[in-house]
Amino acid sequence: PPCNPTAAWTPGSLAVASSASVAAAPSVAAAPKYTIEQLLKVRRASAARALDDKRFLYLYDAPGTAQLFSSPQFTVDSAGGLHETPARQLTSFTDRISSFRLAPDGKRVIFTKDEGGDENDQLLRLDLDDPAAVPVAITAAPKVKHTLPTFDDAGSRIAYTSNARNGKDMDLWVTSFSTGKVIAKPEVKEKPFLALSGSHHVSDFRDTRVLLVEARSNVDQDLWLVDAKSKAKRLLTQHPRATPERYLGARIVLQGIAHL
């Protein structure tokens, strides 16, 4: 319906502060000024993961790109003195490390890294027990995109997705992690454990169960449960396409139910 007519609005007079009230007002400290150089030097630490009750791993970009570090370690001697072992940089790549995951035993770490920002993440491993250990590539297919793997309970196998088959679909791969050999080479056309259509990543891996997240967009996803022996695949989240759903941090609990 049409609106009722209203009277025209006219602004009233504004009160003007007197010189005395202005003088009595508390002073406001000037905001600190920062240069572009100072702002560019702001450092960021992220993705901390506990190694034990005294140490943790994290990503830190102080070297210029995000690299893997182990935390400082503090010990107390018999006299009550506090001693610090400084943080230790574990990787020194030109390109950033995008993500990492610890093995269940806390002695090995697997991480992803691309080259020149091309987003074709490769997989590398590092043995944490050996201070002299260097990262070892476990994929060598620079035109292939890999997602961060998930360990099984024993830490002997990993499950991840990659588009090695056709450069588009993110298929499921399940492979041994104990051998340390390169598991993906461009000259070797191996078949994935399970060919898939679309974008997928592994959210959890327990016993013979692999929990997959299928992403049709950044706000519309589904969960699938895959049997790592039979390759049987079961949809867990049936929903109308007109009603997008998103799942974060999906995990398999002991009863075999995905916990969201």
Side-chain angles (χ1 to χ4, degrees), residues 34-49 56-71 87-103 108-128 133-151 158-173 175 177 180-190 192 196-203 212-221 246 248-249:
Y34 298 100
T35 65
I36 293 296
E37 289 75 14
Q38 287 174 309
L39 295 175
L40 291 175
K41 291 180 180 178
V42 174
R43 300 307 179 200
R44 180 174 183 264
S46 62
R49 298 291 184 271
F56 58 90
L57 293 185
Y58 61 102
L59 296 178
Y60 188 35
D61 64 1
T65 57
Q67 300 298 315
L68 195 61
F69 280 75
S70 63
S71 67
R88 187 163 64 96
Q89 183 175 344
L90 303 178
T91 60
S92 301
F93 295 103
T94 302
D95 299 297
R96 71 182 177 93
I97 292 174
S98 52
S99 57
F100 71 91
R101 196 180 308 280
L102 276 169
R108 300 161 295 165
V109 62
I110 191 168
F111 59 92
T112 59
K113 183 190 76 68
D114 65 7
E115 291 188 10
D118 61 8
E119 297 186 356
N120 290 330
D121 278 331
Q122 302 301 302
L123 308 181
L124 298 94
R125 64 176 288 166
L126 179 64
D127 293 329
L128 300 174
V134 296
V136 177
I138 55 176
T139 62
K143 294 184 179 181
V144 174
K145 186 188 299 291
H146 306 81
T147 59
L148 181 65
T150 296
F151 288 92
I158 54 174
Y160 65 97
T161 60
S162 87
N163 62 356
R165 177 171 57 92
N166 60 12
K168 179 181 65 172
D169 297 308
M170 301 297 287
D171 299 323
L172 175 64
W173 299 74
T175 186
F177 185 69
K181 67 178 182 179
V182 176
I183 57 178
K185 300 179 181 179
E187 67 274 14
V188 179
K189 295 296 183 182
E190 296 184 4
L196 302 168
S197 177
S199 178
H200 298 77
H201 71 267
V202 178
S203 187
L212 280 177
V213 179
E214 178 188 8
R216 281 176 294 277
S217 72
N218 61 345
V219 295
D220 190 16
Q221 300 172 336
R246 188 182 183 196
L248 299 175

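The residues of the chain are indexed from 1 along the displayed sequence.
- To the nearest 0.5 Å, atom CD of residue Gln89 and atom CD of residue Gln67 are 6.0 Å apart.
- Scanning for side-chain hydrogen bond (donor to acceptor under 3.5 Å, both in side chains) contacts around Asp121 gives Ser98, with sequence neighbours left out.
- One distance of note links OG of Ser162 with CE of Met170; it measures 6.0 Å at 0.5 Å rounding.
- Remark: Thr150 pairs with no residue by the side-chain hydrogen bond (donor to acceptor under 3.5 Å, both in side chains) rule, at least two apart or across chains.
- Listed by chain and number, the residues in a side-chain hydrogen bond (donor to acceptor under 3.5 Å, both in side chains) with Asp171 are Arg165 (sequence neighbours excluded).
- With sequence neighbours left out, Tyr60 forms a ring pair (Phe, Tyr, Trp, His ring centres under 6.0 Å) with Phe69.
- The closest donor-acceptor contact from the side chain of Asn163 to the backbone of Val144 lies at 3.5 Å or more, if one exists at all.
- Within a 6.0 Å radius of CD in Glu115, other residues, nucleotides and ligands contribute 12 heavy atoms or fewer.
- For Asp220, the salt bridge (charged side-chain N to carboxylate O under 4.0 Å, His left out) test picks out Arg216, with sequence neighbours left out.
- In this structure, the salt bridge (charged side-chain N to carboxylate O under 4.0 Å, His left out) partners of Asp127, at least two apart in sequence or on a different chain, are Arg125.
- Here the side chain of Ser71 pairs a donor or acceptor atom with the backbone of Phe56 at under 3.5 angstrom.
- A side-chain donor-acceptor contact under 3.5 Å links Thr147 to the backbone of Thr161.
- Open room surrounds CZ on Arg44; 12 or fewer heavy atoms of other groups in view lie less than 6.0 Å from it.
- Panel note: side chain Asp114, backbone Asn120; no donor-acceptor pair is recorded below 3.5 Å.
- A tilted orientation is assigned to the rings of Phe93 and Phe111, their planes being inclined by 30° to 60°.
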